[in-house]
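Contents: one structure, followed by commentary.
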Amino acid sequence: MDAPLDPRQPDPATVRVVLPYHLYTLAQCAAELVLAVPRPVTLTRVMDALEAAHPRLAGAVRDRTTGRRRPLVRFYACQDDLSNLPPDAPLPDAVASGSEPLVVVGAIAGG
Amino acid sequence: MSRIRVLVGTRKGAFILSADAARRDWQVAGPFFGGWEVFHMAGSPANPDRLYASQSSSWFGQVIQRSDDGGLTWNPVGNDFRYVGDPGTHLHYDGTPRPWEFKRVWHLEPSPTDADTVYAGVEDAALFRSTDGGASWHELPALREQQGAKWMPGAGGMCLHTILLDPANPQRLYVAISAAGAFRSDDGGASWRPINRGLHSQTIPDPEAEVGHCVHRIALHPARPETLFMQKHWDVMRSDDAGGTWHEVSGNLPSDFGFAMAVHAHEPDTVYVVPILSDSEHYPPEGKLRVYRSQNGGKDWDALTDGLPQAHCYVNILRDAMAVDTLPECGVYFGTTGGQVYVSADSGDHWQAIVRDLPAVLSVSVQTLP
């Protein structure tokens with residue numbers, strides 16, 4: 001059973017998220033964001049926090065209907081590709097501690 | 001003095017071209033949404049400063065943008081397009097069932113009377129409506145009940161690409177889908193019927209099936225809304241009974257394959273098409289870019305070439321990339337996959353390029369401003 005998703009709970013994690021050009025220009029925000037994310041930090045919770053802070057990104061990283069990562073979006077951190085990590089699996093401690101960012105990448109495809 | 005605003009959607013962003021009524025000197029603004037595909041932009045007839053744009057990307061999905069100042073500034077509105085209920089499956093290219101899945105908005109059609117009401121034709125094919133300026137979208141699901149399980153994508157995807165709102169009857173709507181055909185509602189979208197009788201398509205198992213035809217475009221004149229013209233995958237067609245039956249009017253066209261089509265603003269029997277060589281060769285016959293105009297409802301067609309390249313031209317003109325203005329001397333506009341946007345300020349007799357080097361043009365729509 002997941003912990004409550006309320007970021008007002010004590011001691012949320014401070015997670016850094018780096019966005020690609022098209023997403024930070026769409027959201028009209030900085031390329032690197034700092035988000036308060038409930039623990040344990042997972043991809044789902046980071047994306048929930050991202051979309052809550054920047055509603056323009058709803059549907060741009062995750063499919064609005066299925067909630068799944070869009071096929072040409074990738075998640076990198078700590079020099080690993082975390083794209084296929086189960087969405088509710090804990091992210092690396094370095095991401096949860098804010099020492100390493102979670103990098104959202106548009107996959108290299110097309111011309 | 002009237003002004004013209006041309007809204008151009010391209011593979012890499014949107015552009016707005018504007019000029020006075022002479023239509024000789026043009027200002028070019030853009031790119032807007034640079035790097036994104038803009039399948040379509042449209043202005044509200046009820047409030048010309050209200051514009052809608054469909055911005056999309058294979059990477060980051062669908063965004064609907066809205067401007068309330070004629071395109072100077074834009075803001076994203078709603079992008080939540082959910083089919084009603086379990087949409088089931090349609091046919092894939094190989095004939096196997098494939099779950100319905102929203103991909104993008106191909107066409108936006110604002111209401112003639114309410115700036116906050118706008119229709120969206122989407123891929124996988126369905127019709128949505130917003131009554132709050134694009135903030136929220138609601139499917140009109142009865143359309144998919146018209147044998148939707150038998151619909152199949154055309155080469156560009158299974159898209160609802162044409163929406164016509166009958167100006168004389170607010171309850172009557174027409175849509176066209178590749179590759180399902182044309183459909184009509186007489187009750188504001190609550191129910192639909194296929195209107196494909198008379199179409200003959202060699203590319204489907206039953207050439208005269210009730211649904212499954214690859215209709216590329218339909219068009220009407222507001223003064224005679226029961227007369228429809230259709231550019232099909234092959235064949236140019238005409239109906240005089242609101243789509244009840246169709247007959248071919250390809251006549252002397254050098255090819256009856258094509259995508260774009262428009263009707264003159266003031267002459268209901270004057271129709272424009274741009275013939276394309278074939279379904280396998282999407283460029284003009286003989287490398288000559290020719291608009292064909294019929295001034296008698298499709299009986300005879302004349303090539304319009306003055307100002308258009310007549311050698312080595314191998315561009316395509318996509319289905320939503322032709323439009324007319326409503327000035328007294330009707331202007332005709334079209335965009336090409338080579339990035340040119342052409343205008344004729346005299347109903348097609350003479351043409352000039354407004355721009356030559358845009359990204360591939362997906363759509364052209366025109367506003368005639370007071």
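Residue numbering restarts at 1 for every chain, and letters A, B, ... go by the order of the sequence lines.
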When only pairs under 4.5 Å are counted, which of B:Phe81, B:Phe60, B:Phe33 shares the most heavy-atom pairs with chain A?
->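 Going by pairs under 4.5 Å, I would pick B:Phe60.
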Heavy-atom pair with the smallest gap, counting every atom of [X] and [Y]:
{"X": "A:Leu26", "Y": "B:Gln65", "result": "CD1-NE2, 4.1 Å"}
{"X": "B:Arg82", "Y": "A:Arg64", "result": "NH2-O, 2.9 Å"}
{"X": "B:Trp59", "Y": "A:Leu72", "result": "CD1-O, 3.3 Å"}

[X], [atom1]: over 12 other non-hydrogen atoms inside 6.0 angstrom:
{"X": "B:Asp357", "atom1": "CG", "result": "no"}
{"X": "A:Tyr21", "atom1": "OH", "result": "no"}
{"X": "A:Asp93", "atom1": "CG", "result": "no"}

In residues 52-60 of chain A, which residues are in contact with chain B at a heavy-atom separation under 4.5 Å?
->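 So the qualifying residues are A:Arg56, A:Ala58, A:Gly59, A:Ala60.
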OG1/A:Thr66 to CD/B:Glu101 distance, rounded to the nearest 0.5 angstrom?
-> 8.0 Å
Atom pair CG/CD of A:Asp63 and B:Gln62 - distance to nearest 0.5 Å | 12.0 Å
Let me know if B:Val63 has heavy atoms under 4.5 Å from chain A in its side chain, its backbone, both or neither.
-> side chain
Does any pair with a residue in residues 139-163 of chain B pass ring pair (Phe, Tyr, Trp, His ring centres under 6.0 Å), and if so which ones, sequence neighbours excluded?
-> B:Trp100-B:Trp151, B:Trp151-B:Phe183
Can you name the residues that form a ring-ring contact (aromatic ring centres under 6.0 Å, His included) with B:Trp36, not counting sequence neighbours?
->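 Listed in chain order: A:His22.
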Taking only residues at least two apart or on different chains, which pairs with a member in residues 71-80 of chain A satisfy salt bridge (charged side-chain N to carboxylate O under 4.0 Å, His left out)?
->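 Residue pairs with at least one partner in residues 71-80 of chain A: A:Arg74-A:Asp81.
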